[in-house]
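The structure appears right after this line, and notes come after that.
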Amino acid sequence: MPGVVVVGAQWGDEGKGKATDQLGDRVDLCVRYSGGNNAGHTLVVGGETFVMHLLPSGILNPGTTTVIGNGVVVDLDVFAEELQTLVSRGVEVPHPLISANAHIITEYHKVLDKVTERFLGKRRIGTTGRGVGPAYSDKVNRMGVRIQDIFDESILRQKVEAALDQKNQLLVKVYNRRPIEADAIVEALLAHAENIRPHVIDSGRFINDALDRGEVVLFEGAQAHHLDVDHGTYPYVTSSNPIAAGACTGAGVGPTRIDRTIGIAKAYTTRVGEGPFPTELHDEDGDRLRRDGGEFGATTGRPRRCGWFDALVVEQAVKINGFTDVFLTKLDVLSGWERIPVCVAYDVDGTRHDVMPVTQSDFHHATPVYEELPGWSEDISACRDFGELPANCRAYVKRLEELIGCRISGIGVGPGREQTIIVNDLL
């Protein structure tokens, strides 16, 4: 089963890092194919917590080679900082490779990201301010700077100057900010050239060669299905394609190289940033989920919006991504609830919807229709087999399977690598 894609099935923060790390010792290559350092993957290994924003989650498995694909936008300062942090904590990281075609997040992208959000006011998207959106905009507008450009100062300078000719007009005349000097940008990028050179590869060929050898390649995106720029809750989305199909363009492989797609879903629902969220709780239940689940952004520290499991949201992701399996995380957080509501439909102006509405307007006005399931009081964090779970807990998992139309093959019952139940082999 050589080509496997891991995708978040909700709005991100589902625990993709844990699921990816769980598979890591059986994976030869772990490839990040979308997003930037606007996402955080939290890994707990041996009691130690590691938070990765840019490096692939497989970085902590010594036998796994990690690759940052061409579909990722890269902040070179963050890349260097994350490597140094791991080294300082005694983790050997000789293998992170990076595509020569990946685009670079520059300082002017970060400046524009922040001032644009402030300018939008109540209409803001809720970005992290890391410059990811502006970097992708430049990529599509054919004004981007790629990793390979920092090895040719002449080309780098031409590209930076061309970008700033336009952006400084915007900064000065619209946002009343000082212009950005091209020299400072060029010097900052060139400073990374020699350190990053050993990591740079033709990632598409490298990954395909590994697949040709029969090696197991795990593709991981950032964010999740409902933050996809094409299929998510637009415009409250990211600027790339984290869906399973995005692995093909973001890593440089054909669709026939993908053998399995695994969706990661929390046992409840969370969201960071703006946008519609039908099952969001604004009461003590929401506070309890946030507190018990530790629901604060790994990148921003922002408290996450919390709500009950929305089966329509996950079912949509199952359909579009063609999930073969779902890994359910944070089931342990629901221990202690007497009754657990699950959203099984929406009411939109008196009309019942059993799947997600077509229009954003209808989704924004959707009221959840709940089915209440009996809860359980037992602590399940030590369970390692599905049969060890309380009967009501097993029934909850089985009901979710029916609602989303996909088998649940893995279950997270705690943050640790070992706190996992494998129902069906994910590889």
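Note that this is a predicted model, so its numbers are computed, not measured.
The closest side-chain heavy-atom distance from Cys30 to Ile59 is not below 4.5 Å. Counting only heavy atoms from C-beta outward, the side chains of Gln360 and Pro276 approach each other to under 4.5 Å. Counting only heavy atoms from C-beta outward, the side chains of Thr269 and Val314 never approach each other to under 4.5 Å. Side-chain contact check for Asp230 versus Asn241: some heavy-atom pair is nearer than 4.5 Å. Leu76 is listed as a side-chain neighbour of Ile147, based on a closest heavy-atom distance under 4.5 Å. The shortest side-chain heavy-atom distance between Glu295 and Leu289 does not fall under the 4.5 Å cut-off. Side-chain atoms of Arg130 and Asp75, non-hydrogen and from C-beta on, never get closer than 4.5 Å to each other.
To the nearest 0.5 Å, atoms CD1 (Ile105) and CG (Asp77) are separated by 10.5 Å. Note: Asp28 CG to Arg213 CZ = 8.5 Å, rounded to the nearest 0.5 Å. Expressed to the nearest 0.5 Å, how far CG of Asn392 lies from CD of Glu338 amounts to 11.0 Å. Asn208 CG to Arg205 CZ: the interatomic distance, rounded to the nearest 0.5 Å, is 8.0 Å.
Checked by atom type and distance alone, the side chain of Thr64 pairs as donor or acceptor with a backbone atom of Val27 at under 3.5 Å.
Between Arg290 and Asp287, at least one side-chain nitrogen of the basic residue sits less than 4.0 Å from a carboxylate oxygen of the acidic one, meeting the salt-bridge criterion. Salt bridge annotation for Lys159-Asp149: present, with a cationic side-chain nitrogen under 4.0 angstrom from a carboxylate oxygen.
Closest approach of Tyr346 to Val313, counting heavy atoms only: OH-CG2, 3.6 Å.
There is a side-chain donor-acceptor pair under 3.5 Å between His225 and Asn321. A side-chain N or O of Asp379 and one of Ser381 form a donor-acceptor pair less than 3.5 Å apart. Donor-acceptor pairing under 3.5 Å is lacking for the side chains of His103 and Asp138.
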| Given Thr106 and His109, is the side-chain hydrogen bond (donor to acceptor under 3.5 Å, both in side chains) satisfied, shown in steps? | CA-CA 5 Å; Thr106 69; His109 292 131; 3.1 Å; yes
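Taking the six-membered ring for Trp and the full ring otherwise, the centers of Phe79 and His199 sit less than 6.0 Å from each other.
Applying the side-chain hydrogen bond (donor to acceptor under 3.5 Å, both in side chains) test between Arg271 and each of Thr233, Asp13, Thr279 identifies Thr233 as the sole match.
Annotation: cation-pi pair Arg305/Trp11 absent, no NZ/CZ under 6.0 Å from the ring centroid and within 45° of its normal.
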